[in-house]
Structure formats: C-alpha cells, structure tokens
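So that the names make sense, note that chain A is the first sequence line, chain B the second, and so on, each numbered from 1.
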Amino acid sequence: MGRYVLKRLLILIPTLIAVTIIVFTLMNFVPGDPVMIALGSGTHTPAEVEAKRIAMGLDRPFMVRLMEYLKGVFLHFNFGTSLIDGTSIKYQLVTRFPNTLKIAVYSIIFTVVIGIPLGVFCAQHANSVGDRFALIITLILDSMPSFWLALLLMILFALKLHWLPSTGSGSFKYFILPTLANSLGGLAGFTRQVRASMLEVTRSDFVTTARSKGISERKVIYGHALPNALIPILTLVGMRFGGMLGGATVIEVIFSIPGIGQLLVNGINNRDSTVVTGGIVFIALTFSLIMLVTDLAYAVVDPRIKAQYTSRKKKSGEEERHHHGGHHHGEHKDSHEN
Amino acid sequence: MSEEIKKPEFFSIRNLIVQYKSNEQTVYAVNGVSFDLKPGETLGLVGETGAGKTTIAKSILRILPEHAVKRMDGEVLYEGQDIFQMNDTELRRIRGHQISMIFQDPMTALNPVKRVNDQIAEGYIQHHNCTKAEAERRAEEMLELVGISADRAGEYPHQFSGGMKQRVVIAMALACSPKLLIADEPTTALDVTIQAQVLDLIKRLRDELGTSMILITHDLGVVAGICDRVAVIYAGRIIEMGTKVDVFTKPSHPYTIGLFGALPDLKKDVERLSPIEGLPPDPTALPEGCAFYPRCAHRCDKCLSYQYEPTALSDTHSILCCNPMKEGA
C-alpha cells in the first residue's frame, strides 16, 4: 500500500509539470502585453515600457522564463506576483483556499448525506410513488441553473426571511446558502446513480444469500448491498469533490466569497496572466491529490482492489509458502481473480 | 406410509404455483407442485434448465426476486406451519436456521467485500444469542469442517478458488445446523474434479448432521449418488416421482425414459445417443393439455385434453401421463 501511494505521488510530478508547461505556454500566447497590463492605463513612453519589460524579466527568451517558472513553482511553491497589484499569488491562493475548501466539503457532505439515503430509498421502493416524487423533485432542482437557484435562495432566505446573510464569508451561516446552491443541482444525478447502483446490487446473488441467512432486511441492505453499491459512487464523489476544489466559480462570484474560483475569474477579467496560470496549476494539484485519495478510498471499501495494490509483495510471500508445502487441500489461492 | 398421515409432515409442499411477469407476458414457472419430505430424507429435483427447479427451491425460503413475481400460491408446510403465511419475523427464524440453502454459483453467492468468517458468523449470531467471538469460533469450526484451514477465516472471497468458495457457501448454509438443506445445483459451476469433492462433502455432512435435503440438479449421476427419492420436473410440474430405484429401474414417463436414453451407457454399444427431440415449451405460452406432447414419442389424442391427474404406479411411484409406456421401453 505504502509503495502504491509513493508510486502515485511520483507520477503526480510529471503530470503537474506537463500541466504547468501547457498552461504557461498558452498564457504566453494570449493576446495582451503583460507589460502594458502591469503598467496600467495612461500613457507611457516607449522607454518606460522597455524599462518595465526588463524589470519583469520579459525580455528574456520563453524557454528561460518557463524554466524559471517551473523552478519557482516546484521548488519554492512560488507562483510569482499579480500583474495588476503585485501581490504574491501564493499568498492569494493560501488565503482563499480555505473558503473554497469549505464550500466543497460542505457541498459534498450535503450531497452524500441526502443523496445516499434518498437513492437507497428510491431503489428499495423502485417505481413507487415515493420514488417518482423524489425523481421529479430532484430533476426540477437539476434543471435550475445554479446561478438562478442561488439568486432565488438569496431572495427567500436573506431578503425576505432575513435568516441568513446574502453575501460574504465568515462564520458557518455564510456558507449555508452557497452550499445549497452549489449542491442541490447535482443531487438529482447523484441520487439516480445511487439508486441505479443499489438496484443492480440488490438483485445480485449475494444479497439473496444474505437474505437466506435470516438476517434483518436492514442488515441486508446496509450491511451487504450498500457497501458494494458505493464502490462506483466513490468515483463520482471524488470527481465532484475535485471539481469543487477548483472553485465553484459561479457560486463564489454571486455570493462574493473570496475563493479560488473568484480569483480565477478576476484574473481572467483583468488579463492577469500570472494569476490565471498560478490558479490553474494549483487546481490541477488539488484535483490530482483528490483523485489519489479517491483511489485509495477504493482500497478501503473493496478488498479486491487493495489486493491489487499490495499484490507484488504478497505474491512473492505466497510463492515461498508454496515451496515449503504449507498449503492445504491442493486448491490454489488466487489473489488476482479479476 | 399410511400410519404417518395423522402427524404433521416434517416438510411438504402443496400445489405450489409461481408465475413471473416479464414485460407484458406471464411466465408460468411452477404450475402446481406437491411433495413431502421425511426427516433425514434426500429428494432430488431433476429437470432441464428452465423447468422451474430453482424457482421451487427459492420459493421455499421466499427469496424469489419480489419485483419479478406475479403470483405465488400454494402451501409450503414446515412442521405443520405454512411458510407462505408467516410474517417477516417468523420467516427470518426459519431462514438459515431451520432451512438453509446452498446456491448454484459460488462466484456470485458470496459478498465480495466481507470476510468469509463474518459471512458465516452473521447467520449464527442472528439465530443464537451469542457474542461475536463465539460466532467467529463457530465460523472457524465450520471452515475446518468443510476442509478449509481456520487461519484463512479472515480472508475475502476473491482469495479463494471456485471450489473453496463453494465450501465456504456450504459452511455458511450448515453453520446453524439446519433441519433441511436445499442445494441448488451445488456443483454446476465447478469443474469436474472439484464436483466430486464437493458432492462427497455434502453427502458426508448430510449424514453426519442428519439433515434432510432437497438436491436440485440436471445430472442424473448426482441423483444416483446421493438421493433417496427423485422428482422429475418438466415445465413446472413433477411429471414423475418415486424412489431412486423406481425411477432408475422403471422410468415410466416418456420424458424420463427420454432422459435416460440421452445418457451414455457403458454396457451397451450404441452408435449415437438418442436425445429428446425438440425444445422445452415456452413457459409464457404453455400448450393445452400435456406440456410434453409436442416432443413425446408416445403421444396420443387423449394427451391434448390431459388435466394432469396423477397415475400411481405403486405406493411410492407416480407419474403425470395419460398414456404411459409399458414397462421396459
């Protein structure tokens, strides 16, 4: 297992370097001279522009600048400074990330806590009135664009009822509306996935076996069916969470929450190419890490996958046991059936 | 037989009818099956794929897929109590404790994400007021009993081979020492050498524990090895029933005779085996009269209006045929 994690972390390095090279290169070709953007509006003499260009190091060849950027990012976690206000991008990312993380964590918790029981319910009562009702409600939520849903929530809970603040970030209550707006839409798809996965699993043989043992239906569903149904759901949660860590851009902008998404949008609007590059590389990093965590979570849930991660070491031990005749009944142990 | 009539039978099925819904059609899977079983007795249910054998077995424990069943009727009497009339709690007390089942495919019958000892112990905890440690000890005992070393108890199903998985399934079914064991084609999914081992194991444990058994198979050789009585199923009905000797020495229904004709015989020199012509009838559209009529080598006009009155050939032997062949066909 440890070896597997190490391997995955090592693979992460070339992936991130590739992403950084691509983003840096693309941003280099984006129209708009960074020097002019950095100088701001007003008239500047060619000499001033040239002096600034040299000061920013932009007179040097592309390859040199690329290597320097890579060195900065990977050796010092330094993403440079903003063209507009000269602030450190690293500082921006580090201060904004907690807000984005909060929205993502709350949203994923909300989706899982509501979506899994609802999906299980729908599967157990497939095609019943309750199942259809849940389908319709979740589909309606899914059909609403999140910005519109966000505005509706704001009107109801902030303007009319005064229960919750409409914008800004701070205590937990600032995050309630953004979380709802961010996750209600995706709930439909998630619930349907859980439902489909549960339906498939509850019809499989081992569920019948479990039932034939005389254990309660609750144990059959939650002890046998659900853990198996969750395996494909795990990927979904991982991808969603990874996506959200990149910033729920629309939500952050509408609710004026200083997060990564808002940083990126501002960067794009201001043509602040260093901010955009830094933001995207940071998102790639968090997304890759989350996908690694997702894959490891698989191993926790599914012993077959765990066996694959640990197989090499175990197999050699296994062979040794064979040689020493420590085996029973002449039947082979097969740790890679899949 | 007659002196036992007053006592409630150990186990009997009366006029079992099971129908499935498939799209808009009705699948007539089991069409009135009745039989009795004495304690310690082994009954073989023999028939082609789709004859309704597994449906009979699963309806005993009421584990048919609910979404597919259209109608389930009749009586399944266990020590005089009708399983079909029981509520969930009563039913769960029977399942796995009094009656348990070995499934056809060991590859899919075990939960892939649970350790095998947990899967064996689970039913034991349910039916015996005991601690987890006691149940786990029982699980290890059961594994040893089926020939798996107890130090593999904590492993997952994927770490076992097919034959060993089936041993685990058997250990699971026998963990609570059930009075009746239903074995649904327990060896079909295994390769031939393992088949023999598993059959021997089932036979040995049945004898040691004194369990009654309903063995479902399409293999007449298996029946000959294990069963006391045989019921031959065709299109959801028992078309011939008798002791093993009755059925093997005096097969009387044309279908049973056909089955034996399709078996190779070492003592006779025949060029070709004689299969039963045709295919089993479509269970969504069973023909009027005898369902075997289209394939029967001994049919007559009476068969078309046959109402399935059983013909008793002896105390122990009966068939559903209106135009039986004379002996020695």
Side-chain angles (χ1 to χ4, degrees), chain A residues 123-128 131 199-221 223-231 234 298-308 310-311 314-315 318 321 326-338, chain B residues 58 61-65 67-68 88-89 91-115 118-120 122-127 146-149 151-152 155-164 167 169 172-173 175-176 182 193-194 197:
Chain A
Q124 276 190 284
H125 304 88
N127 302 323
S128 68
D131 178 29
L199 267 185
E200 197 184 308
V201 171
T202 48
R203 286 171 191 186
S204 57
D205 287 351
F206 65 82
V207 171
T208 308
T209 311
R211 212 166 266 147
S212 80
K213 282 189 259 185
I215 58 176
S216 67
E217 191 61 20
R218 203 177 50 82
K219 279 187 190 157
V220 172
I221 294 298
H224 285 270
L226 189 60
N228 282 281
L230 284 185
I231 296 169
L234 213 53
Y298 269 136
V300 175
V301 181
D302 193 339
R304 290 166 294 185
I305 292 171
K306 192 172 182 180
Q308 281 173 8
T310 49
S311 60
K314 223 173 160 192
K315 222 170 73 184
E318 199 61 23
R321 263 212 278 162
H327 234 267
H328 312 267
H329 314 299
E331 280 177 28
H332 273 268
K333 171 169 172 153
D334 187 357
S335 42
H336 300 254
E337 213 143 78
N338 303 312
Chain B
K58 286 192 171 171
L61 283 176
R62 278 173 47 193
I63 48 173
L64 287 169
H67 59 96
D88 282 356
T89 321
L91 177 64
R92 288 215 317 270
R93 248 174 246 146
I94 298 284
R95 281 179 179 170
H97 191 199
Q98 308 291 336
I99 306 178
S100 65
M101 189 158 170
I102 297 173
F103 292 89
Q104 189 167 355
D105 187 353
M107 304 300 168
T108 57
L110 294 169
N111 186 341
V113 307
K114 262 183 120 122
R115 296 173 198 278
D118 289 341
Q119 297 193 48
I120 299 170
E122 191 178 32
Y124 194 76
I125 295 177
Q126 179 72 34
H127 299 296
V146 297
I148 294 174
S149 154
D151 54 286
R152 298 197 58 185
E155 295 187 6
Y156 290 95
H158 72 271
Q159 292 169 292
F160 292 88
S161 68
M164 290 189 111
R167 286 163 191 268
V169 172
M172 204 157 77
C176 296
I182 305 166
T193 46
I194 309 298
Q197 286 180 17

Is any side-chain heavy atom of [Y] closer than 4.5 Å to one of [X]?
X: Thr208(A); Y: Phe103(B); value: yes
X: Gln98(B); Y: Arg93(B); value: no
X: Arg211(A); Y: Val207(A); value: yes
X: Met101(B); Y: Lys58(B); value: yes

Heavy-atom distance under 4.5 Å to chain B: side chain of [X], backbone, both or neither?
X: Ser212(A); answer: both
X: Arg203(A); answer: side chain
X: Val201(A); answer: neither

| request: Would you mind telling me which of Ile231(A), Asp302(A), Asn127(A), Thr209(A) has the largest number of heavy-atom pairs within less than 4.5 Å of chain B? | output: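 It is Thr209(A).
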| said: Taking every non-hydrogen pair under 4.5 Å, which of Ala225(A), Ala210(A), Gly223(A), Ser216(A) racks up the most with chain B? | reply: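 Greatest number of close heavy-atom pairs with chain B: Ser216(A).
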Please classify the contact of [X] with chain A as side chain, backbone, both or neither, using a heavy-atom distance under 4.5 Å.
X: Pro65(B); value: neither
X: Leu61(B); value: side chain
X: Gln119(B); value: both

| message | Between Glu122(B) and Lys114(B), is the salt bridge (charged side-chain N to carboxylate O under 4.0 Å, His left out) condition met? List the steps. | response | CA-CA 11 Å; Glu122(B) 191 178 32; Lys114(B) 262 183 120 122; 3.7 Å; yes
| query | Do you know which of Asp105(B), Asn111(B), Ile63(B), Thr108(B) has the most heavy-atom pairs under 4.5 Å to chain A? | reply |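 Max contact count across the listed options: Asn111(B).
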| query | Any idea which of Arg62(B), Arg115(B), Arg92(B), His97(B) has the most non-hydrogen atom pairs under 4.5 angstrom with chain A? | reply |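 Of the candidates given, the most pairs with chain A belong to Arg92(B).
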| Taking the six-membered ring of Phe160(B), is NZ or CZ of Arg152(B) closer than 6.0 Å to its centre and within 45° of its axis? |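 Verdict for Phe160(B): a cation-pi partner in Arg152(B).
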| task | Kindly check if the number of other-residue, nucleotide or ligand heavy atoms within 6.0 Å of CD (Glu200(A)) is above 12? | result |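 No, CD of Glu200(A) has 12 or fewer neighbouring heavy atoms, counting only those of other groups under 6.0 Å.
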